[in-house]
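Per chain, numbering begins at 1; letters A, B, ... match sequence-line order.
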Amino acid sequence: MHKDKFKEQFARATAAAFRKIYPDIFVTVGDSRVFNENFIYENLETPRDPKMGRFALPVFKFALLLKDKPPLIASNIAPAAMWFFEENNIEPLISIHAAGGFLNAKTDFKILAKDTLQTVLTKGDKFGNSDIGRNRKLLVEYSSPNIAKPFGIGHLRSTVIGHSLRRIFKKLDYDVVGINYPGDWGTQFGKMIVAYHRWGNKDTLENEPVKKLLELYVRFHTEAEHDDDLNEEARKAFRKLENGDPETVSLWEHFKAISNEEFNLVYSTLGIEFDEVIGESFFNDKMEAVIERLEKAGLTAVSQGALVVKLNDPNLPPCLLKKSDGATLYVTRDLAGLIYRWEKYRFYESLYVVGTAQSDYFKQALGVIEMMEEAEQLSPEARMTGRVKHIDFGWVKFEGKSMSTRRGKLVFLKDVIDQAVTLARKKIKEKNPDLKAVEETARMIGVGAVMYSQLSVRRQKDINFIWDEVLNFEGETGPYLQYTHARLCSLLRIYNDDGRRLVDYSLLDKEEEHRVVELLADFPETVTEAARLYDPYPVASYLIRLAGAFNRVYQRKDEAGRIDKIISADKELSWARIALVRAVQTVLKEGLYLLGLKAPEEM
RNA sequence: GCCCCCGUAGCUCAACUGGACAGAGCAUCUGCCUUCUAAGCAGAGGGUAGCAGGUUCGAGUCCUGCCGGGGGUACCA
């Protein structure tokens, strides 16, 4: 793991200072706690207010050990640490100050700026890359919509989060396989088939077939409320499908084709990629083997006519492998999928980006796997237990109300995107009528706004999908990031140089500029943080901060109240500032890429 | 009933997993475009952190109990 050289120097100096100021205690505890450099490094924090310093060490926890009051400790250590540099003839990269119970470190700006900007400009979009994922196979399952149902905004969240995680982990050199696992099997198809036979025919599915399928699905559920036969019929129809009845199968194929056409359109509009698309039905012929394996492991039981595995956790209901009529369930296929993926990939980790409503379900499935591997006494390397993770995310509501496919209460993603793109088109006409690529740009912005709406909150939080907010392009939004990017590109077009000259970074001496450089230096850490949390959110909020910091530089006013422009008559100064612009543009573009958003050069 | 999650500004959310005076955006109000994109920037107002206890040098963050909301609770996925 790459270490920050400023923090390393801080740790070395303060550890030495602690040894010097508290020699008696050092003798008794030895090279540990505050006397140990690594310990100090690990305990560094970032101050809430960047003005206080780049990083800080709170010393409260050491008061007991050192038998001193925290402010006294800090004020003793700070000068001793600075003295350490002088004593050992080390050029300090930082200055250390005591502030109450904190030791604050400020970095030498010239060094930070030179390091950071040169690194960004030479590495380009590889800035922030890391090799922590080398030789690690990582599976990410996301999107996974249900065939024969429209792609609603409910599916958007899994799609956007998963796709972003795929890119983030790739950046860290993981060998990522992005998987789409569409729901193309199950009792729902029995319902669809019954509904189609009762109320539909070939002509029904001529125009807007996806909406027609939804209508059939909804009608089934409303009528099933006072017609018990319907559900029974549906179960029969699904069994027919499982038994391979040709007519039923071809109808199912037809539904699938209709849905896939719509899904692919959505994916290409959003720019979503997968490495593998395998539907549930792929596992039809692999379920028996799983059931046999579980039986052999002595885990199965028959309960109320159904084949089940009872979990160890008393709070979980038994896991149903087969219904009392012999038909399989979702989990049966998912267990087969889990085993199949483990055997095929021997993954380091496998992530399932699925809503939090399914968390008990995942506990069941993973519980069954764990019990099985335990019963089979597999070696630790042969077990997938602990490597499979449910990456859950909060409920998506629409205008404060729950959505329900069964009741037809849902919002089509297609409609949402259309609205957003239309609005973007309108704004372009208004704000930049000379823009040539209107259609393409409007699409980037509209889609960006919709996608960002799913990333602007930590993934565990519920999201309320509110039109006014999604269609607002100001403030903490995708279009704001894109706009800032376009603005940066515009500057680079005007000041057309190759960026290969010697730059005096000390000319970037304004507070606003310092803040931008500090943020640029934070990018690599932000990416690893996102990976650690399995959440793109840190990247999203980071980009907002970066864009805001740059916009403040861009519109900073001098003492006379005039805008202090990036490009001025002062050549040296302009070069330095353009280097900053180029670095911000690079990171902003890469960050947007990680989120799955396009970065327009003009808008 | 039982099991998870959540309650922070009018609204939507942050706060580096226990640290510094709780921060942003939206909305409202006030400024700023005679050449670098105003989808922007500066500023103002707006807070008893659901309530009550507890642990701690230190609590929005941890523990307990209430109150309120959401989700799940074997033959859906």
Exercise. Base, sugar-phosphate, or nothing for A:F465, non-hydrogen atoms under 4.0 angstrom?
Worked result: nothing
Seminar exercise, completed: Applied to residues 43-52 of chain A, the side chain to side chain donor-acceptor pair (under 3.5 Å) test, sequence neighbours excluded, yields none
Exercise. Can you list the residues that meet the side-chain hydrogen bond (donor to acceptor under 3.5 Å, both in side chains) rule with A:D392, with sequence neighbours excluded?
Worked result: A:T356, A:R459
Exercise. So, does A:T222 use its side chain to make a donor-acceptor pair with the main chain of A:V218 at under 3.5 Å?
Worked result: yes
Exercise. With the threshold set at 4.0 Å, does a side-chain nitrogen-carboxylate oxygen contact exist between A:R515 and A:E518?
Worked result: yes
Please write out each protein N/O paired with an N/O of nucleotides 17-24 of chain B under 3.5 Å, distance rounded to 0.1 Å.
from: B:A20; atom 1: OP1; to: A:R48; atom 2: NH2; distance (Å): 3.1
from: B:A20; atom 1: OP2; to: A:R48; atom 2: NE; distance (Å): 2.9
from: B:A20; atom 1: OP2; to: A:R48; atom 2: NH2; distance (Å): 2.5
from: B:A20; atom 1: N6; to: A:N104; atom 2: OD1; distance (Å): 3.2
from: B:A20; atom 1: N1; to: A:N104; atom 2: OD1; distance (Å): 3.0
from: B:A20; atom 1: N1; to: A:N104; atom 2: ND2; distance (Å): 3.1
from: B:A24; atom 1: O2'; to: A:E476; atom 2: OE2; distance (Å): 2.3

Seminar exercise, completed: Per nearest nucleotide of RNA chain B, the residue lying toward the 5' end, A:D184 or A:S541, is A:S541
Problem set entry | Which nucleotides of RNA chain B pair, in dot-bracket form (Watson-Crick or G-U under 3.5 Å, | meaning another strand) | (((((((..((((.....[...)))).(((((.......))))).....(((((..]....))))))))))))....
Problem set entry | Contact under 4.0 Å: A:T187 side-chain N or O vs B:C76 OP1/OP2 | yes
Seminar exercise, completed: Looking only at B:U73, B:A77, B:C2, the nucleotide nearest the A:R333 side chain is B:A77
Problem set entry | Spacing between A:D462 atom CG and B:U8 atom P, to the nearest angstrom | 13 Å
Exercise. Who pairs with A:R493 by side-chain hydrogen bond (donor to acceptor under 3.5 Å, both in side chains), at least two apart in sequence or on another chain?
Worked result: none
For this session: Tell me, yes or no, whether the heavy-atom count around A:K236 atom NZ, taken from other residues, nucleotides or ligands under 6.0 Å, exceeds 12.
Result: no
Exercise. What string of B, S and - do you get for nucleotides 31-40 of chain B, 5' to 3', if B is base contact, S is sugar-phosphate-only contact and - is no contact with any protein heavy atom under 4.0 Å?
Worked result: -S---BBSBB
Exercise. With a 3.5 Å cut-off and no angle check, do the side chains of A:N472 and A:T477 form a donor-acceptor pair?
Worked result: no
Problem set entry | Closest approach of A:Y542 to A:L520 (non-hydrogen atoms, all atoms of both residues) | OH-CA, 3.6 Å
For this session: When you get a sec, tell me which of B:C6, B:C76, B:G71 is the closest nucleotide to the side chain of A:K461?
Result: B:C6
